[in-house]
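Beneath this line is the structure, given in structure tokens, with notes to follow.
Values in this document were obtained by computation on a predicted structure and should not be read as measured data. Throughout, protein chains are lettered first and strands after them, A, B, ... in sequence-line order, and every chain is numbered starting at 1.
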2 protein chains.
Amino acid sequence: MPSWEIPSDQLPPVAAVQKLLRALADPARLEMVRRLASLPEDKAEAPCSDLYEGLSKSTATHHFKILVEAGVLHPVMVGPSRGHRLRRPALQEAAPGLLDALMAALARER
Amino acid sequence: MPSWEIPSDQLPPVAAVQKLLRALADPARLEMVRRLASLPEDKAEAPCSDLYEGLSKSTATHHFKILVEAGVLHPVMVGPSRGHRLRRPALQEAAPGLLDALMAALARER
DNA sequence: CTCCAAGTTTGACGGACGTCGTACTTCTCC
DNA sequence: GGAGAAGTACGACGTCCGTCAAACTTGGAG
């Protein structure tokens, strides 16, 4: 485990609803979450660069930071690169059904 | 019915998820929705001034506009004043479970 | 008809936010 | 251990957004 990785039990708590919404209300960040959420169950993790397009790396890092601080993502090692995992259980506990409702609505509008 | 009131069947469609989130991601607007949502079933409507505190009237109007354009609120006459109704059915159709999940999470964090 | 209360419109302003380039760090692999 | 790929940190910049005051509109009460 690399020095920067945070154990699951020391992650920041999932933020309050209002902050959560703010974190998700950006197109780039919503897309990041959508991509993670659409991965096969439980191993919902991917290297950073798989989660965005059309952004500079620094901008992407900025968005990841906001999502991590809101308690949505967990930064982890994925193969040889850094990556992120969707904190499904924590989110489900903080706001039951929210993520599911969002993803379903997103899926519907295509 | 006052001249400015819009029939239910001509309201703007509920906005896409991303715009919806943006509309709800502001503290003042989230509180407006929360107050409407916590009213007795179905007649969830109230005069404008009951839905906010600590804001100037012009700011409140601004927020209402955003919520109406996102398809969340329906401006209606309430007694002698203008007011708003929460568009529960439309929201439920556009994003099933989302409003409920949000309100439940909000209720929990007090 | 006139007045008043309640909302809206408009314009201005300040701070927050998304974006990027550049320089820096940290892993991995040879 | 050096080289390079992958992210991060920092600073700058422009735009969007929330806020307000002031002037205007509108519906209702008397």
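At a threshold of 4.5 Å between non-hydrogen side-chain atoms, the residues B:V68 and B:H74 do not count as touching. Looking at A:L102 and A:V33, their side chains never come closer than 4.5 Å, going by heavy atoms from C-beta outward.
Summary for the helix from C:dC1-D:dG30 to C:dC30-D:dG1: the axes at its two ends, each from 5 pairs, differ by 30° when rounded to the nearest 10 degrees.
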Original post:
Are B:L91 and B:V14 close enough, and set up right, to give a side chain to side chain contact (heavy atoms under 4.5 Å, CB included), and what steps lead you there?
Top reply: CA-CA 7 Å; B:L91 287 169; B:V14 175; 3.9 Å; yes
Subject >> side chain to side chain contact (heavy atoms under 4.5 Å, CB included) assessment of A:V76 paired with A:V78 >> reply: CA-CA 6 Å; A:V76 293; A:V78 176; 3.9 Å; yes
**OP:** May I have the step-by-step check of side chain to side chain contact (heavy atoms under 4.5 Å, CB included) for B:L73 and B:R87, ending in yes or no?
**Re:** CA-CA 6 Å; B:L73 299 188; B:R87 295 179 59 189; 5.7 Å; no
Original post:
Are A:Q92 and A:D100 close enough, and set up right, to give a side chain to side chain contact (heavy atoms under 4.5 Å, CB included), and what steps lead you there?
Top reply: CA-CA 9 Å; A:Q92 181 66 22; A:D100 295 337; 4.1 Å; yes
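Taking only side-chain nitrogens and oxygens, A:S81 never comes nearer than 4.0 Å to OP1 or OP2 of C:dT28. For D:dG18, the OP1/OP2 oxygens have a side-chain nitrogen or oxygen of B:R29 closer than 4.0 Å.
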Between the protein and nucleotides 19-23 of chain C, list every N/O to N/O distance that falls short of 3.5 Å.
from, atom 1, to, atom 2, distance (Å)
C:dT19, OP2, A:H63, NE2, 2.5
C:dC20, OP2, A:S56, N, 3.0
C:dC20, OP2, A:S56, OG, 3.3
C:dC20, OP2, A:T59, OG1, 3.0
C:dG21, N7, A:S58, OG, 3.3
C:dG21, O6, A:S58, OG, 2.8

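When the C1' atom of C:dG18 is taken as reference, atom CD of A:E31 falls 17 Å away, rounded to whole Å. Taking atom CZ on B:F64 and atom P on D:dT19, their separation rounds to 13 Å, with Å as the unit. Rounded to whole Å, atom P of C:dT8 lies 11 Å from atom CG of B:L51. Put simply, CG on A:L73 is 15 Å from C1' on D:dG7, counting in whole angstrom units. One can place CG of A:L30 at 17 Å from C1' of C:dC17, the figure rounded to the nearest angstrom. Straight-line distance from the CE atom of B:M77 to the C1' atom of C:dT8: 14 Å, rounded to whole Å. As a whole-Å value, the separation of A:K65 NZ from C:dG18 C1' is 14 Å. Residue B:E53 contributes atom CD, which lies 14 Å from atom P of D:dT19 at whole-angstrom precision.
Each of A:I66 and A:G79 has a nearest nucleotide on DNA chain C; the 5'-most of these lies closest to A:I66.
Within residues 14-25 of chain B, the residues that have a heavy atom under 4.0 Å from DNA chain D are, in order of number, B:R22.
To the nearest 0.5 Å, atoms CE (A:M103) and CG (A:L30) are separated by 5.5 Å. Here the straight-line distance linking atom OG1 of A:T61 with atom CD1 of A:I66 works out to 11.5 Å at 0.5 Å rounding.
The ring of A:H63 has its center no closer than 6.0 angstrom to the ring center of A:Y52.
Within 6.0 Å of atom CD in B:E109, more than 12 heavy atoms from other residues, nucleotides or ligands are found, so the atom counts as buried in its surroundings.
Remark: side-chain polar atoms of A:R29 are paired, donor with acceptor, to backbone N or O of A:R22 under 3.5 angstrom.
Ion pairing between a basic and an acidic side chain is recognised when a charged N comes within 4.0 Å of a carboxylate O; A:R35 and A:E31 show such pairing.
You'll find that the side chain of A:T61 is closest to D:dG7, out of D:dG18, C:dG7, D:dG7.
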